[in-house]
Amino acid sequence: GAVVSQHPSRVICKSGTSVKIECRSLDFQATTMFWYRQFPKKSLMLMATSNEGSKATYEQGVEKDKFLINHASLTLSTLTVTSAHPEDSSFYICSAGAGARLYEQYFGPGTRLTVT
Amino acid sequence: AQSVTQLGSHVSVSEGALVLLRCNYSSSVPPYLFWYVQYPNQGLQLLLKYTTGATLVKGINGFEAEFKKSETSFHLTKPSAHMSDAAEYFCAVSDQTSGSRLTFGEGTQLTVNP
């Protein structure tokens, strides 16, 4: 149980375009979802926390107008990178927390974004 | 505020040798502690966790970790390394006040030599 999927696993887009990444909890209802960014050989950097039906809470330094997060249902959250630039190229990972065991997070497999 | 320190960004062991990955944390309230493993271009997989109760916790793939409050440590061990253990390992902490928000260490790259 507690499976989280991400789609796509890899995406290449041109500079200036937008790209959407989906994060789904497959077998549980995720009241909270998290979006992380990971640079090569680095730890995970929390970008934002989203609760179903409410606006996401962004970490300091993360541009909310650039990284749009939507958590419209208990099983789906999306991250849209708007007007992507090469410096947005990174590995994006989502995770989901559920129910009473809110201290646990279940991680998706990640999405490799390359902006050319 | 919470923080996690992983001593040693790179650890190299021989196959069959003991694996010891160090993690120290700081938290003003009782912590929840986690070890995750990440293989290249993949997400994080939970190895084990400590929330309450027994301080020695066993996880998957033969790993275990011991919560030592007096030392604020949660070191990860495995008696005998296998080639498939080569990966990046992350220690993380949360607590009741932070909910499911995790604070990660910088990670330790484990290399297993034949």
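Letters go in sequence order (proteins before strands), and every chain restarts at 1.
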**Request:** Give a yes-or-no answer on whether the side chains of Gln105(A) and Tyr36(B) include a donor-acceptor pair shorter than 3.5 Å.
**Result:** no
**Prompt:** In terms of side-chain heavy atoms, does Ser3(B) have a donor or acceptor partner in Ser26(B) at a distance below 3.5 Å?
**Reply:** yes
**Message:** Once you measure the plane-to-plane angle for Phe67(B) and Tyr50(B), does it fall in the parallel (<30°), tilted (30-60°) or perpendicular (>60°) bin?
**Reply:** parallel
**Request:** Enumerate by number any residue of residues 64-94 of chain A whose heavy atoms lie under 4.5 Å from heavy atoms of chain B; in the absence of such residues, state 'none'.
**Result:** Phe91(A), Ile93(A)
**Message:** List the residues meeting side-chain contact (heavy atoms from CB on, under 4.5 Å) with Ser12(B), not counting sequence neighbours, and say none if there are none.
**Reply:** Thr111(B), Asn113(B)
**Message:** Between Arg101(B) and Glu59(A) (salt bridge meaning N to carboxylate O under 4.0 Å), is one present in this structure?
**Reply:** yes
**Prompt:** Checking Gln45(B) against chain A: side chain, backbone, both or neither under 4.5 Å from a heavy atom?
**Reply:** neither
**Request:** Measure distances from Gln38(A) to the heavy atoms of chain B and classify the residue's part below 4.5 Å as side chain, backbone, both or neither.
**Result:** side chain
**Request:** Hey, could you give me each pair passing salt bridge (Lys or Arg N to Asp or Glu O under 4.0 Å) that has a residue in residues 9-19 of chain A? Not counting sequence neighbours.
**Result:** none
**Message:** Applying disulfide (SG to SG under 2.5 Å) as the test, list every pair that has at least one member in residues 6-72 of chain B; sequence neighbours left out.
**Reply:** Cys23(B)-Cys91(B)
**Prompt:** Which bit of Glu106(B) is near chain A, if near means a heavy-atom gap under 4.5 Å: side chain, backbone, both or neither?
**Reply:** both
